[in-house]
Amino acid sequence: SFLLKDVNMVVQLQNLDASGKVEVLVSHPDENGAVKTAGKEMLTITASVKPFINLVWMGVLVMFAGFIVSVVRRAKETVS
């Protein structure tokens, strides 16, 4: 759990299982620091798998390789 001092809230991770369900408890501490639980609130987080992300990373690697080739060629031209 951690305290968000700016908004006077305590956030606690209650349950996390293999199916991907997460229970988060949001509560408000009183003046003495005792935690009062808030009403039933739900936070939904969606995780998705992007099947073609490898194509993006391959494009990044190709562009990086092209950059290195251009730097090496420019360096050789400058020396000559």
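Heavy-atom basis, side chains included; hydrogens, waters and symmetry copies ignored. Quick note: residue numbers are just sequence positions, from 1. Note that this is a predicted model, so its numbers are computed, not measured.
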**Message:** Hydrophobic cluster membership, with links at side-chain heavy-atom distances under 4.5 Å among I/L/V/M/F/W/Y: are Ile53 and Val60 in one?
**Reply:** yes
**Message:** Applying a strict under-4.5 Å side-chain criterion to I, L, V, M, F, W and Y, I'd like to know whether Leu61 and Val56 cluster together.
**Reply:** no
**Message:** Pair Val69, Val72 - check side chain to side chain contact (heavy atoms under 4.5 Å, CB included), show working.
**Reply:** CA-CA 5 Å; Val69 168; Val72 169; 5.9 Å; no
